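Quick caveat: nothing in here was measured; it's all calculated off a predicted structure.
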Amino acid sequence: MSDKRAIVNRTASPVKKFCRTGATLLLGLVAGNPILPAQAPIQFVDRSRESGLNRPIVYGGVESQRYILETTGTGVATFDYDRDGQIDIFLVNGSRLDAASNNPPSNLLYRNLGNGRFSDVTAPSGLKRSGWGQAVCVGDIDNDGWTDLAVTYYGEIVLYRNRGNGSFENISQRSRIGGQRRWNAGCTFLDYDRDADLDLFVANYVDYADATRYEPGSGANCMWRGIAVMCGPLGLKQSANILFRNDGDGTFSDVSPASGITAAEGFYCLMPITLDFDEDGWTDIYVACDTTPNILYRNNQDGTFEDVGMISGVALSDNGREQAGMGVAAADYDLDGHLDLLVTNFSDDTSTLYRNDGNSTFTDTTYLAKLGKDTQYLSWGTGLVDFDNDGWKDVFIASGHVYPEVDRHPSEITYRQQRLVYRNQGDGSFSNASGQAGDAIAAKAAGRGVAFEDLDGDGNLDIVAINLNDTPSLLINESASENSWLILELEGESSNRSAIGARIQVAAGGRVQTDEVRSASSYYSSNGLRVHFGLGKESRAEWIEIQWPSGSRQRFEDVQARRVIAVREGTGIR
């Protein structure tokens, strides 16, 4: 997070940009998918105050931040922990360098009461814990039907087993996950070896000791636009990513070296996401990295991985430079059947959209997609999600700077920043819809983690956003769209019970959408395990096809829309 980062050439000719990416790309999209007609604005209202989400997320200094540890913030998970049909909210909390020992901030679990309100059940749930919390990921690690949690910290990893009675048990030591004295960053569960047990991947950022080693302004990487700021990450020692294999008996084994995960060295890694980018039926891992190339771990189907980020085109920007990857989302934004990637980056740069070409390579389509203009934002949590249920994935980005000191030197860049909403135009491009999306989007915050779920049961995706040193935001989607939708909730049988890694295709209105079940995305966050599809004006899906992690397939014809459907592997819709 220093001033030595890629500055995208915003003066490049659009014609040259178009030619460099390939003229057939945009022409093909326009020919096959005409631009969408005008629709009602996407609208959000912040209901956090009346909902009961009134406890602050404490993280680092408010007026200034001495060390890089104070900058990264935390994440959020939206999932149904008690299986009552309502989506609950888990918030990771942080700390301060001078935190009072008698009343330290704690992680927070809010139970959805189903009436727009949430109840703080942290204490009885067993999830009360303090420290420099980072990320959260969800998955059923023991295949008992109850969703478990992993929470990463600066210094440790905590694994919580859901007891099924409204409470969780810390099994970190017993499971052999604990004892990792590292700066553990983003995490994700996955079944990389397809043995039906969920494994755990944890990205690592800066070396544990270097996180608080150097004073502001003490070196070349401790200055920003002439301002003395915290040091890093350039100039600080990197740390190694970790892969834990689930041994199926309640314990995990660290297989990082044997799997090839640690062969990728010299990276500042923040957020992983899973996707089968090459469509071979085996889950791969993409990792957004700060000021170093991003990593794409290809699953070799033999228990090992290989970093193919460079040769696949997702390690650098299209001008061949490292960026500052923070958050990441995966979805098929252009409906060509291949999962694309969106990565958020530092200010004076763009977020980067990588289009999956379907041949194990990607093309940077940031400028073709019209996402290259807003460079004053330092962006974190993000999603490729369908806010208006028209069947096309829109973009959401939460932003906030890492240097509170920037506000002492007025410019176009501020510490607290507004959110961004880009509407998918159906032709391979997006339009900035932030100005019509309501005061909840225009409000400025030091944003970090973001999760997306239908929290009120109306079929529209809502947002929970982390704001550093402030209360979280509950952004309820009140868009006037009358479009239809489906939410799928999968249960594995031969596959892992959470169905993480399952690939879903839904056909409606002559278009086919593609997505996967995943444990984590955005920045340090999890959208739970349900998968949402907008269906436009269609009242039914023509068909739904599921490729399960086990390799089996199921297909369902003529499925009624506007409902949550549960599908069990090998059985059918329940």
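Remark: R163 fails to qualify as a cation-pi partner of W146 under the 6.0 Å distance and 45° angle criteria applied to the six-membered ring. Annotation: cation-pi geometry satisfied between R129 and Y153 (NZ/CZ under 6.0 angstrom from ring centroid, within 45° of ring axis).
Here the closest heavy-atom approach between residue R503 and residue D276 is recorded as NH1-O, 3.6 Å.
Side-chain atoms of T72 and Y59 form a donor-acceptor pair, as typed in the model, at a separation below 3.5 Å. Side-chain atoms of D280 and Q301 include a donor-acceptor pair closer than 3.5 Å. Side chains of W183 and Q134: a donor-acceptor N/O pair is present below 3.5 angstrom, by distance only.
One finds no salt bridge joining R568 and E489 here, because no Lys/Arg side-chain nitrogen approaches an Asp/Glu carboxylate oxygen to under 4.0 Å. Contact check on R181 versus E156 returns no salt bridge, with no Lys/Arg side-chain nitrogen under 4.0 Å from an Asp/Glu carboxylate oxygen. Classification of R213 and D210 as a salt-bridged pair holds, one side-chain N sitting under 4.0 Å from a carboxylate O. Under 4.0 Å is where a charged nitrogen must lie from a carboxylate oxygen, and between D120 and R55 at least one such pair does. The pair E569-R497 does not count as a salt bridge, with every side-chain nitrogen at least 4.0 angstrom from each carboxylate oxygen. Taking 4.0 Å as the cut-off between side-chain N and carboxylate O, E70 and R96 do not count as a salt-bridged pair.
If you take CZ on R66 and SG on C231, they are separated by 11.0 Å, rounding to the nearest 0.5 Å. The structure places CG of N184 at 5.0 Å from CD1 of I242, a figure rounded to the nearest 0.5 Å.
Of the candidates N356, N294, L353, L275, L341 forms a side-chain contact (heavy atoms from CB on, under 4.5 Å) with just one, namely L275. Here the rule is salt bridge (charged side-chain N to carboxylate O under 4.0 Å, His left out) with R161, and of D140, D148, D142 only D142 fits it.
Judged by distance alone, with hydrogens and angles left aside, the side-chain atoms of S525 form a donor-acceptor pair with the main-chain N or O of Y523 at under 3.5 Å.
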